[in-house]
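Small disclaimer: the values here were computed from a predicted structure and weren't measured. Both ligands and their constituent atoms are indexed starting at 1 by order of listing.
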Amino acid sequence: MIKNICCIGAGYVGGPTMAIIAQKCPNIKVTVVDLNESRIQAWNDADVNNIPIYEPGLSEIVREARGRNLFFSTDVDKAIDEAEMIFISVNTPTKTYGIGKGMAADLKYIELCARQIARVSKSNKIVVEKSTLPVRTASAIKSILDHTGNGVQFQILSNPEFLAEGTAVEDLLAPDRVLIGGDSSQEGQKAINQLVNIYVNWVPNERILTTNVWSSELSKLTANAFLAQRVSSINAMSELCEKTGADVNEVAKAIGMDSRIGSKFLKSSVGFGGSCFQKDILNLVYIAKSYGLDEVADYWEQVIIMNDHQKRRFAKNIVKTLYNTVSEKKIAFLGWAFKKDTNDTRESAAIFVADDLLAEQAIIAVYDPKVKKEQIYIDLNYLETRSEQQNSKGLVVFDDPYEACKDVHAIAILTEWEEFKTYNWQNIYDQMQKPAFIFDGRNVLNKKELEEIGFVYQAIGS
Ligand code: NAD
Ligand code: UDX
């Protein structure tokens, strides 16, 4: 029985996942470690509302388990040394340099973890890949761990995380499945069982799937590629709907009722974002290319091309509709996060739409209920399209949506936050330039109601 777990990486996956394990397994000590001191400090903040990751229901769980059997620390060596099982939940972003730049997963943080585990460990450990990794990464980790020369035995498991941000707590509490890949040897099977024994504390047995390591690693990339493909497919149809008078919501409903297709992931949008879809598909494309499978690579790359097109055409449509010029015109952005119920902004469509509109000299007024002002500028400056001064001149962040919408020519909805539906739209209309436009990039507002007030309302795909 495992009594002591360590998780390296206190991010969107490591934090929530370990909080649930600690809550459901009060007899296991769970320590989450990270190099980022301010992140750990925030996880340890006396006020649980200040934890660094916003997820509905997460702060309550942290309040219950923290200090009992859930700990957050920057002492990585100590936590590795004490643990019998080590989860690696560090980031695996797209490489920004060298071979595979812009496509391959950057595994430097993974390798650093493996080397640190190898250096510090004095007893046998089970190392669990929680991060999303290219297929066959486990063999690289194993090679690093096995060359330490201090006689410690390591078992490597793949246990990819399928949670989606915004619903992390529900996804973790009632997962569709838990996937565990391990070696077929006796020791490998024993390690798999030890991890299964943790999950059985709250996940029904039939939902725990065990496979070989490579299937597990590849299944994660496959799941994200399939989900993203659905969004790009419906987004491709959204453009055709706009040209033909069909309504993408009606089309989505009609095809979603076909049990072979199913209704999920058919919401047309300004484009998918988030830290995973683009990075994981690019990684898949890179893997396919590296095996010489060019047609396979091209097939999946098209999902990304379609997504880039969807973001770009949203911005283009705003410019075209506002009489082909947005220069000096103020446009409000409602939402900056890549989806509702998260403060994560990685790859959010809002960033790219803002960038395109700033290039047209628009002035952008942003309001998002959970994203901090500093983060919005970090996202924009990261693109390096223009200077930081130009960005802070061109884009202003507001804490109040009504203030953000004052005097604007148009409002663009970039995130589907529920609160947008409850606004007093008549009030907003009264304070806007006329004609007052709304570009609903998420199909969340009520067209009829807004048109009755006087808005010119345009949604994606209708
Ligand atoms: P994140 O950037 O939020 O968190 C990663 C953390 O790891 C950071 O806080 C970083 O400081 C820390 N870290 C990096 N190297 C370290 C080291 N050597 N020692 C200690 N700490 C280190 O990333 P995330 O969103 O939690 O994603 C982590 C992994 O999980 C990625 O591989 C991602 O693809 C995968 N994943 C993410 C999601 C998601 O929704 N975000 C879902 C499923 C899987
Ligand atoms: C995704 C996967 O769903 C999850 O299983 C994996 O572990 C991590 O990556 P996440 O990125 O957190 O999760 O959010 P998800 O709900 O998948 O949404 C991704 C993007 O697609 C968002 O920008 C979302 O707004 C967009 N989307 C999703 C649509 O545009 N339409 C849809 O119908 C669904």
Fill in the blank from the handout: Ranked by distance from atom 32 (O) of ligand 1, the top protein heavy atom is Thr92 OG1, 2.6 Å
Problem - Arg346 heavy atom under 4.0 Å from ligand 1 - result: yes
Exercise for the section: Would you kindly specify which portion of Ser89 sits under 4.0 Å from ligand 1, judged on non-hydrogen atoms: side chain, backbone, both or neither? Expected result: backbone
Exercise for the section: Report yes or no: does His147 contribute a side-chain atom to a donor-acceptor pair with the main-chain N or O of Ser143 at less than 3.5 Å? Expected result: yes
Exercise for the section: Select all protein residues for which some heavy-atom-to-ligand 2 distance is less than 4.0 Å, and list them by chain and number. Expected result: Glu161, Phe162, Leu163, Ala164, Glu165, Lys220, Asn224, Leu227, Val231, Phe265, Leu266, Lys267, Ser269, Phe272, Gly273, Cys276, Phe277, Phe338, Lys339, Arg442
Handout entry: Proximity of Trp300 and Phe226 rings by center, below 6.0 Å
Key = yes
Exercise for the section: Report yes or no: do Asn446 and Trp425 form a side-chain donor-acceptor pair below 3.5 Å? Expected result: no
Practice task
Could you tell me whether some N/O pair between Ala164 and ligand 1 is separated by less than 3.5 angstrom?
Solution key: no
Practice task
Indicate the ring-plane relationship of Tyr199 and Trp202, choosing parallel, tilted or perpendicular according to the 30° and 60° boundaries.
Solution key: tilted
Handout entry: atom 13 (N) of ligand 1 - nearest protein heavy atom and its distance
Key = Val90 CG1, 3.6 Å
Problem - Donor-acceptor under 3.5 Å (Gln310 side chain, Ser269 main chain) - result: yes
Problem - Stepwise side chain to side chain donor-acceptor pair (under 3.5 Å) check, Tyr97 with Asp106 - result: CA-CA 9 Å; Tyr97 54 88; Asp106 191 343; 2.9 Å; yes
Practice task
State plainly whether the residues Asp356 and Lys316 are in salt-bridge range, i.e. N to O under 4.0 Å.
Solution key: no
Practice task
Give a yes-or-no answer on whether the side chains of Asn36 and Asp34 include a donor-acceptor pair shorter than 3.5 Å.
Solution key: no
Practice task
Heavy-atom contacts with Lys220 under 4.0 Å: which atoms of ligand 1 show up? List them by number with element.
Solution key: 43 (C)
Problem - Sidechain-backbone polar pair: Gln116 side chain, Val76 backbone, donor-acceptor under 3.5 Å - result: no
Exercise for the section: Report the residues that fulfil side chain to side chain donor-acceptor pair (under 3.5 Å) with Ser131, sequence neighbours left out, ordered by chain and then residue number. Expected result: none
Practice task
May I ask you to check if ligand 1 and Glu161 share an N or O to N or O distance below 3.5 Å?
Solution key: no
Handout entry: side chain to side chain donor-acceptor pair (under 3.5 Å) assessment of Tyr12 paired with Glu161
Key = CA-CA 11 Å; Tyr12 283 87; Glu161 185 47 63; over 6 Å; no
Practice task
Examine distances only and state if a side-chain atom of Asn201 and a backbone atom of Lys24 form a donor-acceptor pair shorter than 3.5 Å.
Solution key: no
Handout entry: Thr132 contact mode with ligand 1 (heavy-atom cut-off under 4.0 Å)
Key = both
Problem - Heavy-atom nearest neighbour of atom 10 (C) of ligand 1 within options Asn36, Asp34, Leu221 - result: Asp34
Fill in the blank from the handout: Looking at Asn91, Leu107, Ile117, the heavy atom closest to atom 5 (C) of ligand 1 belongs to Asn91
Handout entry: Under 4.0 Å to a heavy atom of Gly9 - the qualifying atoms of ligand 1, by number
Key = 6 (C), 7 (O), 12 (C)
Exercise for the section: Could you check atom 27 (O) of ligand 1 against the protein and tell me its nearest heavy-atom contact, residue, atom and distance included? Expected result: Val13 CG2, 4.1 Å
Practice task
Tell me yes or no: between the side chains of Asp298 and Gln302, is some donor less than 3.5 Å from an acceptor?
Solution key: no
Problem - Any N or O of Arg39 closer than 3.5 Å to N or O of ligand 1 - result: yes
Exercise for the section: Enumerate the atoms of ligand 1 whose separation from the nearest heavy atom of Tyr12 is less than 4.0 angstrom. Expected result: 3 (O), 24 (P), 25 (O), 26 (O), 41 (N)
Fill in the blank from the handout: Under 4.0 Å from one or more heavy atoms of Leu35, ligand 1 contributes atoms 16 (C), 17 (C), 18 (N), 19 (N), 20 (C), 21 (N)
Problem - Min N/O separation Lys130 to ligand 1 under 3.5 Å - result: no
Practice task
Would you tell me whether Asn307 and Gln278 have side-chain atoms, one donor and one acceptor, within less than 3.5 Å of each other?
Solution key: no
Handout entry: Parallel, tilted or perpendicular: ring planes of Phe277 versus Phe272, cut at 30 and 60 degrees
Key = perpendicular
Exercise for the section: Answer yes or no on whether Lys370 is positioned over the face of Tyr54, meaning its NZ or CZ is under 6.0 Å from the six-membered ring centre and within 45° of the axis. Expected result: yes
Problem - Proximal ligand 1 atoms for Ser275, defined as those under 4.0 Å from one of its heavy atoms - result: 41 (N)
Exercise for the section: Give the numbers and elements of all ligand 1 atoms closer than 4.0 Å to a heavy atom of Lys279. Expected result: 33 (C), 34 (O)
Handout entry: Criterion side chain to side chain donor-acceptor pair (under 3.5 Å) on Arg313 and Ser238, from CA distance to verdict
Key = CA-CA 11 Å; Arg313 85 180 182 90; Ser238 72; 3.0 Å; yes
Handout entry: Proximal ligand 1 atoms for Ser131, defined as those under 4.0 Å from one of its heavy atoms
Key = 29 (C), 30 (O), 32 (O)
Practice task
Please write down residue, atom name and distance for the protein heavy atom closest to atom 4 (O) of ligand 1.
Solution key: Gly11 CA, 3.2 Å
Handout entry: Sub-4.0 Å atoms of ligand 1 with respect to non-hydrogen atoms of Ile8
Key = 19 (N), 20 (C), 21 (N)
Problem - Glu165 N/O under 3.5 Å from ligand 1 N/O - result: yes
